[in-house]
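Below is one structure, written out as structure tokens; the observations come after it.
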Amino acid sequence: MCGIMTEYETVQNRIKNGYIFKDHLDKAIELKPQDPMSYYLLGRWCYAVAQLSWIERKVAATLFGEPPSATVQDALKNFLKVEEISPKYSKLNFVFLAKCYRDLGQKGQARKMCDAATSIQTISKEDEEAQKELDSLLSALGVN
């Protein structure tokens with residue numbers, strides 16, 4: 001729900017809500033450290049923060065004193081934690097693992113994650129979304 005809302009929010013509200021969302025995720029992990037969904041969502045948050053533009057970072061620094069901070073490596077760590085807790089958790093988790101590896105210049109690992117995502121059946125709407133992203137990612141990685 002938070003992700004859908006951000007599409008219609010101002011940069012200021014997206015950043016403010018991002019801080020709130022992160023606080024909720026940290027609390028959820030503290031309360032239930034073996035829940036793969038919390039790590040998946042934290043990975044998504046880290047990945048989104050790592051992708052913030054220069055202007056978005058400046059807006060955050062101006063409004064909140066400090067922009068949110070996370071790296072692709074942070075995102076990768078959380079997506080890997082998901083697989084540690086619950087192997088083959090979701091097709092979308094593998095897609096984000098592949099994106100992280102791609103962004104870190106590890107194309108071989110990215111391809112392995114794409115293969116893992118491909119091995120998971122497309123059943124849900126989320127899986128359909130993952131498959132579209134996977135197709136695009138495979139194309140970008142030069143895999144046909």
Side-chain angles (χ1 to χ4, degrees), residues 1-57 59-61 63-141 143:
M1 192 63 167
C2 291
I4 292 169
M5 285 176 45
T6 62
E7 293 177 28
Y8 306 102
E9 292 285 351
T10 63
V11 171
Q12 178 180 354
N13 283 341
R14 280 198 320 248
I15 293 167
K16 182 180 88 178
N17 290 335
Y19 282 112
I20 295 167
F21 187 64
K22 171 75 165 59
D23 288 342
H24 286 291
L25 286 174
D26 290 343
K27 187 66 172 174
I29 289 170
E30 181 184 319
L31 293 171
K32 200 171 174 187
Q34 293 303 308
D35 179 24
M37 175 62 87
S38 296
Y39 290 98
Y40 170 74
L41 292 172
L42 184 55
R44 293 282 303 255
W45 184 88
C46 290
Y47 192 81
V49 168
Q51 304 301 314
L52 286 176
S53 69
W54 176 85
I55 191 73
E56 289 169 321
R57 289 181 194 282
V59 168
L63 297 172
F64 302 102
E66 185 178 323
S69 176
T71 65
V72 172
Q73 191 68 42
D74 295 330
L76 176 63
K77 183 181 90 178
N78 285 292
F79 294 129
L80 288 171
K81 182 72 175 177
V82 170
E83 288 306 307
E84 177 187 316
I85 293 170
S86 181
K88 296 187 177 186
Y89 177 72
S90 76
K91 191 175 196 95
L92 207 45
N93 192 62
F94 280 120
V95 170
F96 274 95
L97 280 165
K99 286 180 177 188
C100 289
Y101 283 123
R102 176 204 59 199
D103 292 354
L104 294 169
Q106 298 177 31
K107 284 190 174 184
Q109 280 296 101
R111 285 188 188 106
K112 284 181 186 176
M113 295 303 112
C114 288
D115 290 343
T118 301
S119 74
I120 295 176
Q121 254 188 324
T122 301
I123 332 174
S124 67
K125 186 133 178 92
E126 182 185 79
D127 292 338
E128 290 173 14
E129 175 190 333
Q131 189 60 50
K132 288 177 189 172
E133 288 194 49
L134 179 62
D135 294 341
S136 173
L137 189 54
L138 285 168
S139 178
L141 290 169
V143 179

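Quantities reported herein were computed from a predicted structural model and do not represent experimental measurements.
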Suppose we screen for side chain to side chain donor-acceptor pair (under 3.5 Å). Which residues come up paired with [X], at least two apart in sequence or across chains?
X    : value
K112 : Q109
E133 : K99
Y40  : R44
N93  : E83

Check: L134 and C114 side chains under 4.5 Å, non-hydrogen atoms |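 Of all side-chain heavy-atom pairs linking L134 with C114, at least one is under 4.5 Å.
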List in chain and number order the residues that pass side-chain contact (heavy atoms from CB on, under 4.5 Å) with [X], two or more places apart in sequence or in another chain; answer none if no residue qualifies.
X    : value
I29  : S38, Y39, L42
S124 : E126, D127
A70  : W45, C46, V49, D74
Q73  : T71, L76, L104

Would a distance-only check, ignoring hydrogens and angles, find a side-chain to backbone donor-acceptor pair under 3.5 Å from R111 to L141?
->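 Checking the backbone N and O of L141 against the side chain of R111, a donor-acceptor pair under 3.5 Å is found.
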Rounded to the nearest 0.5 Å, the CD atom of Q131 sits from the OG1 atom of T118 at a distance of 6.0 Å
Gap separating the CG atom of L80 from the CD1 atom of I85, nearest 0.5 angstrom | 11.5 Å
Could you list the residues that satisfy salt bridge (charged side-chain N to carboxylate O under 4.0 Å, His left out) with [X], not counting sequence neighbours?
X   : value
K27 : E30
E84 : K81
D26 : K22

For residues A117 and K91, report the shortest heavy-atom separation together with the two atoms involved.
-> O-NZ, 3.0 Å
Steps toward side chain to side chain contact (heavy atoms under 4.5 Å, CB included) verdict (D103, Q51) | CA-CA 10 Å; D103 292 354; Q51 304 301 314; 3.5 Å; yes
Only pairs at least two apart or in different chains count here, so list each ring-ring contact (aromatic ring centres under 6.0 Å, His included) that has a residue in residues 96-135.
-> Y47-F96, F79-F96
